[in-house]
Visitor: 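Okay, here's the structure, questions in a sec.
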Amino acid sequence: MKRKFTALFIAVIIGMNGVTPATAMTQPDAAYAKHAMVASNHPIASQIGVDVLKKGGNAVDAAIAVGLALAVVYPEAGNIGGGGFMLIRKPDGTATSIDYREMAPAAATRDMYVDEKGELKRGEGGSTVGYRASGVPGTLSGFEMAFKKYGSGKVRWSELVEPARAVAANGYVLTHRLANLFQDYKQTLSKYPESNRIFLRNGRYFQAGEVLRQPDLARTLARVKLRGAADFYRGETARLIAADMKANDGLITLDDLRNYKARERSPLRGNYRGHEIVTMAPPSSGGVVLLQVLNMLEGFNMRAAGSGSAARFHLLTETFRRAFADRAEYMADPDFADVPAEQLIDKKYAEQRRSSIKLDRADRSASIKFGNASAMKEGSETTHFNVVDKDGMVVSNTYTINDLYGSRVTIKGTGVLMNDEMDDFAARPGTPNIYGLIQGERNKVEGGKRPLSSMTPTIVLTRDGNFWFATGARGGPRIISAVTQIVQNVIDYDMNLQEAISAPRIHHQWLPDELWQEKYGMSPDTRSILERYGHKFRERQDNVASATGIMRVIPRQSANAAASAGATDSGPANSGSGMLLGAIDPRSDGAAIGY
Ligand code: DON
């Protein structure tokens, strides 16, 4: 039998956390492969995913193995103590999504984070750190649902858990970035004995090159390997979580764990210049805001404006301003609040919202209120990873424990770091959360409810309806602006996905009324035009999110030569033609690996 030669393409982009690359012109190494690809924030996790694909697993199987591995090798965001969204496109072109967002414990109440003086509680007891900051995790429930409904049936659950368990038990070498990141969070991590012991070694801090072993987490994963999600929600792990919560005034009980339910939801579908966009529906706001902004931008000649121009940044800012004002008013868990998602993504509504934008003057956010979406007729520390398998099945998954290292609490005896997703509720409606986001009454805290998210796992199709690219990001509300600009970079400016992800970007979220630029991300003369229009810049110049993605490219496109206009428009056929390009943001670690 002829042995097929398969090359392994690896692109590892080592820690540039906190530093924006000088320009988009420095093309980081993108990975190319013929058959299948995994792009995630850690090379070990990506390799584990590729191994599953090579064994005959499909994209969903591989995504689960990647997600479990990231819980071990990317502890600031990868998790089984958090939740997220898995968007799936099947080879037949149909799409679905698994919502495994955390749920508030039953005892949660609207004012649980407000003290007697009406002030937001800080520290332990508040919505950002400590035992009360966690929602009931959804990750294992979501992964199990995805496995049962959409897995290939060719690999066993235990085979997806084992690689993560082995890495937890045997350990892995810490990069400079991760060793430093533990220390960056030492003030809060050290308050929780298990986190202090595992991640800070009780003050003998890890250095780059040392090995991190997580035996407690390995034991938890061994139980999950054997008994599935049932262990986490009804078994030994559930008992350990409930006991530690009880001992520390947390709210999550055995009943809360037992009652957690992942939900399968229809993805949102929109269209930008003839390309179908498949993205996440509420309880994430990501898809709605993405489609709203793209709908508004469609009315402008963005190609003529140019990718790095003041004109583009101005229009992005004004469209973000309007969509984020709507987000604050309308968006929440649709199982609890009336969320007019279809109306918000209606092209006619975008027309209305767009009509007040001036081409050469910034509006003040104080004068931009939410739009009248209800009047429209009923219309028809996070990490993102992507998998495309040999049959063209695509997974675009974003999951998180919210802030880096979540609530900083590691549950005793489990090695499981818990989320602080309760801060994604409006802890006090009208008061900004850790991302400065204003959230409204609809997103108030209620038992059993899912907090509003900005996660935006997205899949974009070619004009003839085939898979083109999948992307998503970490970075709270900046996820939405990043994904918007990435989609636009590809469609309006003919960039390949690596170029689109690397390119400098901006962010605006209505309030605070400030335009966020990246370090070296904008020329001084562009900035001065925007200031002349009346835009106020945020003082600190930080990265706007960090993304990963996979694109099917036709041979004419390469990492070094963007396709000529139009060449990207029709795109390749669903399978067979072209190569897969795996893209990692130079703003963070990661590896795209394919075969
Ligand atoms: O769901 C959300 O929108 C947030 N919890 C995401 C947090 C995040 O992206 C943190 N990443 N750096």
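Counting starts at 1 for both ligands and their atoms, in listed order. What you see below is based on every heavy atom in this structure, not just the backbone, and it leaves out hydrogens, waters and symmetry mates.
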Visitor: Which ligand 1 atoms are under 4.0 Å away from a heavy-atom of I479?
Guide: 9 (O)
Visitor: So do the side chains of D326 and W510 get within less than 4.5 Å of each other, counting heavy atoms only?
Guide: no
Visitor: For Y435 and ligand 1, does the shortest N/O to N/O distance drop below 3.5 Å?
Guide: no
Visitor: Among all protein heavy atoms in this structure, tell me which lies nearest to atom 1 (O) of ligand 1, with the distance rounded to 0.1 Å.
Guide: S453 OG, 2.7 Å
Visitor: One thing to verify: whether R269 and E276 come together as a salt bridge, which I'm taking to mean a side-chain N less than 4.0 angstrom from a carboxylate O.
Guide: yes
Visitor: With backbone taken as N, CA, C and O and side chain as the heavy atoms from C-beta onward, which portion of D424 lies under 4.0 Å from ligand 1: side chain, backbone, both, or neither?
Guide: side chain
Visitor: Among all protein heavy atoms in this structure, tell me which lies nearest to atom 3 (O) of ligand 1, with the distance rounded to 0.1 Å.
Guide: S454 N, 2.6 Å
Visitor: Charged N to carboxylate O below 4.0 Å: is that the case for R177 and D589?
Guide: yes
Visitor: Indicate yes or no: does R540 engage D542 in a salt bridge with an N to O separation below 4.0 Å.
Guide: yes
Visitor: What do the steps show when you test R263 against D335 for salt bridge (Lys or Arg N to Asp or Glu O under 4.0 Å), and what is the final call?
Guide: CA-CA 11 Å; R263 298 274 310 261; D335 294 345; 2.5 Å; yes
Visitor: For the NZ atom on K191, are there more than 12 heavy atoms of other groups (residues, nucleotides or ligands in this structure) within a distance under 6.0 Å?
Guide: no
Visitor: Need the ligand 1 atom indices (1-based, order shown) with element for anything under 4.0 Å from a heavy-atom of M455.
Guide: 1 (O), 3 (O)
Visitor: For the pair S365 and R321, evaluate side-chain hydrogen bond (donor to acceptor under 3.5 Å, both in side chains) and give the outcome as yes or no after the intermediate values.
Guide: CA-CA 7 Å; S365 289; R321 194 193 306 283; 3.0 Å; yes
Visitor: Looking only at protein heavy atoms, identify the closest one to atom 6 (C) of ligand 1 and say how far it is in Å.
Guide: T382 OG1, 3.1 Å
Visitor: Which ligand 1 atoms are under 4.0 Å away from a heavy-atom of R101?
Guide: 1 (O)
Visitor: Just to be sure I read this right, does ligand 1 sit under 4.0 Å from the backbone of D403, its side chain, both, or neither, counting only heavy atoms?
Guide: neither
Visitor: How far is atom 12 (N) of ligand 1 from its nearest protein heavy atom, and which residue and atom name does that atom have?
Guide: E381 OE1, 2.9 Å
Visitor: Is there side-chain contact between M522 and P504, with heavy atoms separated by less than 4.5 Å?
Guide: no
Visitor: Any N or O on L452 sitting closer than 3.5 Å to an N or O of ligand 1?
Guide: no
